[in-house]
**Q** 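Once you've had a glance at the structure underneath, I'll fire off some questions.
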Amino acid sequence: MCIINCTQVDVRHFFAVYLNQLLGCSLVLAVQALYSASDDVIELTPSNFNREVIQSDSLWLVEFYAPWCGHCRNLAPDWKKAATALKGIVKVGAVDADQHKSLGGQYGVRGFPTIKIFGANKNKPEEYQGGRSSQAIVDGAMNALRNLVKERLSGRSGGSDYKQSGGGGSSGGNKKDVVELTDDNFDKMVLDSDDVWLVEFFAPWCGHCKNLEPEWAAAATAVKEQTKGKVRLGAVDATVHQAVSGRYGIRGFPTIKIFRKGEEPEDYQGGRTRGDIIEKALDLFSDNAPPPELLEILSEDVLKKTCEDSQLCIIAVLPHILDTGAAGRNSYLDVMVKMAEKYKKKMWGWLWTEAGAQMELESSLGIGGFGYPAMAAINTRKMKFALLRGSFSETGIHEFLRELSVGRGSTATLGGGVMPKIHTVEPWDGKDGQLPVEEDYDLSDVELDDFRDEL
């Protein structure tokens with residue numbers, strides 16, 4: 001509730017305060033009023049997501065949004081209209097991922113709005129890549145529905161991969177993604193590994209273990225994908241493998257412990273939903289992962305591999321070496337390395353090139369021969385990019401990337417809607433640049449009279 005402070009004696013000051021607080025109230029209400037119970041958009045939260053979406057046989061389109069996001073507010077009318085048109089055919093939902101960060105993190109949501117299609121395999125939703133009008137959303141939903149029906153006709157089942165095993169956490173969304181640990185393999189798999197491990201100690205008869213099973217399995221699949229196997233989930237049947245369970249003092253079930261090489265194991269204290277588990281795993285990954293490598297764009301392969309493996313590719317175009325020297329260039333690269341470290345949890349790609357080395361790339365980004373150093377963030381899947389408008393400094397770049405990461409950045413379509421031609425170039429040798437050596441001409445045997453005759 002917005003309360004107006006009426007203690008001011010000055011009437012003009014009172015009305016100024018009144019209008020200011022009234023405006024604040026209206027902004028808060030506008031931000032919170034994206035969807036309501038009267039809409040056909042189903043509000044999804046961590047408490048109902050598994051029941052409504054994951055365990056459902058229906059096709060779902062789910063928008064992950066933030067109430068303050070301008071693009072989300074622009075999408076809301078079309079999302080509601082599409083939900084009404086698809087009512088009874090395709091389920092349309094929305095998650096306030098600003099409030100429910102664990103649910104957004106579970107599905108790799110990095111910006112807003114993000115739309116996911118939950119179809120045949122609910123544990124591996126597809127990212128919606130279509131337009132944002134109500135007609136485009138409906139068309140995309142119907143195409144996804146046709147694909148789902150074809151899969152079912154071909155004998156492939158809908159729903160999730162998970163089948164209740166009646167045991168503990170060693171089964172779930174994808175059985176192979178939860179590693180079965182035993183007395184014989186525990187030390188080699190976990191203690192000798194450079195990876196971070198979350199290990200569940202369970203008993204097959206334990207009701208809480210059975211409830212955790214699908215969450216643990218789904219989290220294992222998501223964590224494997226999002227950390228590229230650097231954080232792993234395992235399970236130990238403590239009723240069978242009593243040596244390793246006794247070593248760690250397991251008394252109740254399920255017990256979850258975190259193992260990092262060379263350190264004492266610690267008890268997992270987080271929630272038991274897949275979202276909670278994934279969020280903790282990503283935090284562990286961020287703490288232990290090295291920053292992404294900063295690469296010079298030397299060929300098309302470098303750009304393609306780095307950008308296709310990342311949601312965003314951060315590309316800097318640095319001044320020519322003759323303009324800055326090695327010291328100046330290294331200072332720019334140092335800034336990028338620090339930013340890569342700061343944002344390593346995002347798992348973005350980081351690249352740089354020298355001004356003039358990749359002119360087609362500069363042209364497609366609208367950089368065009370001046371204003372170096374420059375920086376762009378590219379989403380190669382959507383062929384969208386955003387340009388750094390502030391200073392090429394830790395503060396300026398941090399502000400730029402922070403705005404992008406919460407969906408506030410202004411974006412444009414990459415020139416031509418395709419990746420530009422990339423030239424193969426030699427790597428920088430780390431040294432100052434040198435001007436081209438001009439050829440010396442020997443004029444000792446040339447008579448000036450020869451020039452006078454020509455004149």
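Side chains included, hydrogens not; waters and symmetry mates left out as well; all remaining heavy atoms used.
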**Q** Between the main-chain N or O of A326 and the side-chain N or O of D432, is there a donor-acceptor pair closer than 3.5 Å?
**A** yes
**Q** Let me confirm one number: the CZ-CE distance from F385 to M383, rounded to the nearest 0.5 Å.
**A**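 Between atom CZ of F385 and atom CE of M383 there are 12.0 Å.
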**Q** With a 4.0 Å cut-off, would you call K338 and E394 a salt bridge?
**A**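 Salt bridge between K338 and E394, a charged N being under 4.0 Å from a carboxylate O: yes.
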**Q** For side-chain contact (heavy atoms from CB on, under 4.5 Å), just list the numbers for F118 and L61, CA-CA rounded to whole Å, side-chain angles, deciding distance to a tenth of an Å, and then say yes or no.
**A** CA-CA 6 Å; F118 291 79; L61 265 67; over 6 Å; no
**Q** Indicate the atoms forming the closest heavy-atom contact of V231 with A281, along with that distance.
**A** CG2-O, 3.7 Å
**Q** Which pair of heavy atoms, one from A66 and one from D96, lies closest together, and at what distance?
**A**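 Of all heavy-atom pairs spanning A66 and D96, the closest is CA-OD1, 4.4 Å.
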**Q** Taking atom SG of C313 and atom CG of L303, what is their separation to the nearest 0.5 Å?
**A**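 Reported value, rounded in 0.5 Å steps: 6.0 Å.
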**Q** Salt bridge check: are D78 and R132 linked by an N-O gap of less than 4.0 Å?
**A** no
**Q** If we count only N and O atoms by modelled type, under 3.5 Å, do the side chains of E300 and H423 hold a donor and an acceptor together?
**A** no
**Q** Return yes if some donor-acceptor pair links the side-chain N/O of S310 with the main-chain N/O of T306 below 3.5 Å, else return no.
**A**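 Confirmed, S310 side chain pairs with T306 backbone.
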**Q** Minimum heavy-atom separation for L404 and A377, please, with both atom names.
**A**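 Scanning both residues completely, I find the closest heavy atoms to be CD1-CB, 3.4 Å.
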**Q** Does the gap between the ring centers of F259 and F186 come in under 6.0 Å?
**A** yes
**Q** As a quick check of understanding, evaluate side-chain contact (heavy atoms from CB on, under 4.5 Å) for T273 and I277, giving each step before the final call.
**A** CA-CA 6 Å; T273 69; I277 298 163; over 6 Å; no
**Q** Identify whether NZ of Lys or CZ of Arg in R329 sits under 6.0 Å from the centre of the six-membered ring of W428 and within 45° of that ring's axis.
**A**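 Checked: cation-pi criterion met.
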**Q** State whether a side-chain donor-acceptor pair under 3.5 Å links D334 with S331.
**A**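 No, no side-chain donor-acceptor contact under 3.5 Å.
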**Q** Could you measure the distance from the CH2 atom of W216 to the CG atom of L198? Nearest 0.5 Å is fine.
**A**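 These two atoms lie 4.5 Å from each other.
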**Q** Do other residues, nucleotides or ligands put more than 12 heavy atoms under 6.0 Å from the CD atom of E126?
**A**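 Open.
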**Q** I'd like to know if the side chain of S38 pairs up with that of S36 as donor and acceptor (distance under 3.5 Å, no hydrogens or angles considered).
**A**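 Looking only at side-chain atoms, S36 and S38 do form a donor-acceptor pair, the distance falling under 3.5 Å.
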**Q** Taking it one step at a time, do S47 and T45 satisfy side chain to side chain donor-acceptor pair (under 3.5 Å)?
**A** CA-CA 5 Å; S47 63; T45 67; 2.8 Å; yes
**Q** Consider only side-chain N and O atoms of K124 and T221, and report whether a donor and an acceptor are under 3.5 Å apart.
**A**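 Side chains of K124 and T221: no pair found under 3.5 Å.
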**Q** Using only heavy-atom distances, determine whether the side chains of R146 and N143 contain a donor-acceptor pair under 3.5 Å.
**A** yes
**Q** Are any non-hydrogen side-chain atoms of W60 and V90 less than 4.5 angstrom apart?
**A** no
**Q** Heavy-atom count around K81 NZ within 6.0 Å, excluding the residue itself: above 12?
**A**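 No, not enclosed.
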**Q** For the CD atom on E43, are there more than 12 heavy atoms of other groups (residues, nucleotides or ligands in this structure) within a distance under 6.0 Å?
**A** no
**Q** Answer yes or no: are there more than 12 heavy-atom neighbours, outside K116 itself, under 6.0 Å from its atom NZ?
**A** yes
**Q** For residues Y372 and L318, report the shortest heavy-atom separation together with the two atoms involved.
**A** CB-C, 4.4 Å
**Q** Do the side chains of D98 and P67 get nearer than 4.5 Å, heavy atoms only?
**A**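 The answer is yes, as the side chains (C-beta and beyond) meet within the 4.5 Å cut-off.
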**Q** State, yes or no, whether a side-chain contact exists between V196 and F285 at a heavy-atom distance under 4.5 Å.
**A** no
**Q** Assess the residue pair K431 and I321 against the criterion (side-chain contact (heavy atoms from CB on, under 4.5 Å)); give the C-alpha distance rounded to whole Å, side-chain angles, the decisive distance to 0.1 Å, and a yes or no.
**A** CA-CA 9 Å; K431 301 177 182 178; I321 191 63; over 6 Å; no
**Q** Regarding Y107 and Q226, is there a side-chain donor-to-acceptor distance under 3.5 Å anywhere?
**A**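 On atom types as modelled, these side chains do not qualify, holding no pair under 3.5 Å.
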**Q** State whether a side-chain donor-acceptor pair under 3.5 Å links R274 with N50.
**A**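 Short answer, yes.
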**Q** Hey, are the side chains of W79 and I137 touching, using non-hydrogen atoms and a 4.5 Å cut-off?
**A** yes
**Q** Mind listing the closest non-hydrogen atom pair of A386 and F400 along with its distance?
**A**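 Heavy-atom minimum between the residues: O-CZ, 3.6 Å.
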**Q** Report yes or no: does E296 contribute a side-chain atom to a donor-acceptor pair with the main-chain N or O of L351 at less than 3.5 Å?
**A** no
**Q** Can you tell if the side chain of V95 reaches within under 4.5 Å of the side chain of E63, non-hydrogen atoms only?
**A** no
**Q** Any heavy-atom pair between the side chains of M375 and I397 that's under 4.5 Å?
**A** yes
**Q** Around E263, counting heavy atoms of other residues, nucleotides and ligands shown, do more than 12 lie under 6.0 Å from its CD?
**A**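 Yes, the 6.0 Å shell around CD holds more than 12 heavy atoms from other groups.
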**Q** Parallel, tilted or perpendicular, judged at 30° and 60°: which one describes the rings of H398 and Y343?
**A**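 Tilted: the ring planes of H398 and Y343 meet at 30° to 60°.
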**Q** Taking the side chain as C-beta and beyond, is there a heavy-atom pair between I115 and V62 under 4.5 Å?
**A**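 No - every pair of side-chain heavy atoms lies 4.5 Å or more apart.
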**Q** Can you tell me how far the OG atom of S364 sits from the NZ atom of K421, to the nearest 0.5 Å?
**A** 13.5 Å
**Q** Is there a side chain to side chain donor-acceptor pair (under 3.5 Å) between T84 and D40? Walk through the geometry before answering.
**A** CA-CA 6 Å; T84 300; D40 292 315; 2.7 Å; yes
**Q** How are the rings of F49 and F64 set relative to one another: parallel (under 30°), tilted (30 to 60°) or perpendicular (over 60°)?
**A** tilted
**Q** Please round to the nearest 0.5 Å and tell me the distance separating atom CG of L145 and atom CG of L86.
**A** 9.0 Å
**Q** Report yes or no: does K80 contribute a side-chain atom to a donor-acceptor pair with the main-chain N or O of L34 at less than 3.5 Å?
**A** yes
**Q** Would you say the side-chain atoms of K228 pair up with the backbone N or O of E225, donor to acceptor, closer than 3.5 Å?
**A** no
**Q** Strictly below 4.0 Å, N to O, side chains only: are R260 and E266 in salt-bridge contact?
**A**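 Salt bridge between R260 and E266, a charged N being under 4.0 Å from a carboxylate O: yes.
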**Q** Ignoring hydrogens and angles, tell me if any N or O in the side chain of N379 forms a donor-acceptor pair with the backbone of R381 under 3.5 Å.
**A** yes
**Q** Would you say the ring centroid of Y65 lies under 6.0 angstrom from that of Y35?
**A** yes
**Q** With side chains defined as the heavy atoms from C-beta onward, is the minimum distance between W197 and V179 less than 4.5 Å?
**A**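 They are in side-chain contact.
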**Q** Kindly determine whether V199 and Y268 satisfy side-chain contact (heavy atoms from CB on, under 4.5 Å), including the steps that lead there.
**A** CA-CA 9 Å; V199 178; Y268 170 80; over 6 Å; no
**Q** Indicate the atoms forming the closest heavy-atom contact of I117 with A144, along with that distance.
**A** CG2-CB, 4.0 Å
**Q** Once rounded to the nearest 0.5 Å, what's the spacing between atom CZ of R73 and atom NE2 of H71?
**A**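 Separation between the atoms: 10.5 Å.
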